[in-house]
Amino acid sequence: MTRDTDPRLLRSFVAVAEELHFTRAAARLFVAQQALSRDIARLERGWGTTLFVRSTRRVALTPAGVRLLPLAREVLAAHTRLAAEVGRGGSRPLVVDVGAPAATGHRVLDAAREAAPEVELVARFRSGLAGAALEVLDGRLDVSFGRVAGLAPASRAELAHRLVRYERLAVLLPDGHRLAALPRVPMAALAGETIYAAAGNEDTTEWTDYARALFAAWDIGLVPPFPKIEGDAEFSRTVRRQGWTVLINDAFMEIPGTVARALVDPVPISPVSMVWRRGLRHPGLDVLLEQARRLGVAEGWAHRPSDHWLPEADRALLSEAGQPDRPD
């Protein structure tokens, strides 16, 4: 019998074993509960044993599950160390998730490539940090960018991160929208609106989490979960077909038939951090960090408007990290 030691399956097992609750474990890993259940079933089939006793009221480890838990933790810790060692010395390309071509991460990547052309930096385009973080933890990505406060504490504990920029937020409005003629949109003017913020996309749960906090403060509705949209062309088509108003950052792509308007009174800002696997050593990582710092100084990425708005989770994390006022 081949016993499956896929790090993703072991990470799923450890999450359920620690939470003893499939819904909480799925939320912690930012995956659908059905996907988590499939992973556990696959692990149990591969090992030929039952790892959990499930009932309508509780989840408990079987004796086999109890024996596996410390071993699974050791394997995951060794996998993290191995991934870090592979990157030590920079003998391989560094894989960098930049989110989108116009995003902060891509700006940093472009600057790093110009500053150190001898270092191979390979771009990937994940749509959100929640999905990218899992790939960083599993060693399939090295670096990503996004809102760290939206990640589960257990994931944050395994990742290193540095605040890079505060992005100002905006809304993408259909041309005929009642607010489209305004140069800027006050938050209060959106009361009663329903806005798309990627609900239903498991890769971008940190963004939807931010939107829920923002919308709750101004009586704004969230577009219900919608299937994940792949690619700029499909996103543009779907937004136009659905007639959505969309929460975006101020560097979002242009979509025909829509206008982007900055949000004000207050100005919602989203902290963007650079995220990498703890223990990773690579000259490309050093170049990325330095160029993020340089761009931040040159372009005022640390600036927060006096009337800015941040979710409490972000304020708490910034304070905890000793960064209550500005990025490094």
Side-chain angles (χ1 to χ4, degrees), residues 1-87 95 97 126-142 144 148-161 199-206 208-209 225 227-228 275-280:
M1 178 184 297
T2 301
R3 292 181 173 176
D4 200 335
T5 56
D6 183 333
R8 191 190 84 250
L9 302 185
L10 293 180
R11 202 177 303 281
S12 295
F13 165 72
V14 169
V16 177
E18 291 178 348
E19 299 289 344
L20 293 179
H21 194 283
F22 274 76
T23 301
R24 289 198 298 268
R28 166 174 158 176
L29 295 172
F30 295 100
V31 299
Q33 186 174 335
Q34 296 90 333
L36 179 61
S37 296
R38 285 195 299 269
D39 281 351
I40 297 301
R42 176 179 161 188
L43 194 62
E44 290 178 325
R45 284 195 306 272
W47 283 76
T49 188
T50 300
L51 300 173
F52 296 99
V53 177
R54 307 163 178 84
S55 71
T56 55
R57 294 190 176 185
R58 64 191 294 266
V59 174
L61 283 164
T62 64
V66 171
R67 291 193 299 271
L68 178 60
L69 181 57
L71 299 174
R73 287 173 174 151
E74 288 179 15
V75 170
L76 289 173
H79 186 271
T80 299
R81 292 195 299 272
L82 175 63
E85 285 298 324
V86 169
V95 185
D97 163 54
R126 290 298 302 246
S127 59
L129 182 59
L134 293 177
E135 294 198 13
V136 172
L137 291 172
D138 285 344
R140 290 175 286 163
L141 280 175
D142 296 307
S144 188
V148 174
L151 299 179
S155 295
R156 290 204 303 265
E158 297 183 57
L159 297 168
H161 52 89
N201 184 348
E202 295 173 4
D203 287 343
T204 59
T205 51
E206 80 286 349
T208 307
D209 173 74
K228 180 181 177 181
V275 178
W276 64 97
R277 196 169 47 256
R278 287 193 183 278
L280 175 65

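Everything numeric here is computed off the predicted structure, so don't read it as measured data. In this chain, residues are counted from 1 in sequence order.
Counting all heavy atoms, side chain and backbone alike, Val14 lies closest to Ala72 at CG2-CB, 3.8 Å. Among all heavy-atom pairs drawn from Leu36 and Ser12, the shortest one is CD1-CB, 3.4 Å. Pairing each heavy atom of Ser144 with each of Ala132, the nearest pair is OG-CB, 3.3 Å.
Distance alone, capped at 3.5 Å, is enough to place a donor-acceptor pair between the Glu206 side chain and the Ala130 backbone.
Note that the CZ atom of Arg140 and the CG atom of Leu134 stand 7.5 Å from one another [nearest 0.5 Å]. Rounded to the nearest 0.5 angstrom, Asp39 CG and Leu10 CG are separated by 10.0 Å. In this structure, OG1 in Thr208 is found 7.0 Å from CG in Asn201, a value given to the nearest 0.5 Å.
At least one side-chain heavy atom of Asp142 sits less than 4.5 Å from a side-chain heavy atom of Arg277. When side chains are defined from C-beta on, Thr62 does not count as touching Phe52, because their heavy atoms never get closer than 4.5 Å. With contacts defined as side-chain heavy-atom distances shorter than 4.5 Å, the pair Phe13/Leu69 qualifies. Side-chain contact between Leu137 and Arg11: present, with at least one pair of heavy atoms (C-beta onward) separated by less than 4.5 Å. At a threshold of 4.5 Å between non-hydrogen side-chain atoms, the residues Pro7 and Val75 do not count as touching. Looking at heavy atoms from C-beta onward, Leu151 lies in side-chain contact with Leu159 at the 4.5 angstrom threshold.
Using a cut-off of 4.0 Å between Lys/Arg side-chain N and Asp/Glu carboxylate O, Asp138 and Arg8 are scored as not salt-bridged.
Applying the salt bridge (Lys or Arg N to Asp or Glu O under 4.0 Å) rule to Arg73 yields the partners Glu18; only residues at least two apart in sequence or on another chain are considered.
Partner of Leu43 under the side chain to side chain contact (heavy atoms under 4.5 Å, CB included) criterion, chosen from Thr49, Asp6, Leu9, Val16: Leu9.
Applying the salt bridge (charged side-chain N to carboxylate O under 4.0 Å, His left out) test to residues at least two apart or on different chains, the pairs with a partner in residues 47-65 are Glu44-Arg54.
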Exercise for the section: List the steps, then state whether side chain to side chain contact (heavy atoms under 4.5 Å, CB included) holds for Asp97 with Glu135. Expected result: CA-CA 10 Å; Asp97 163 54; Glu135 294 198 13; over 6 Å; no
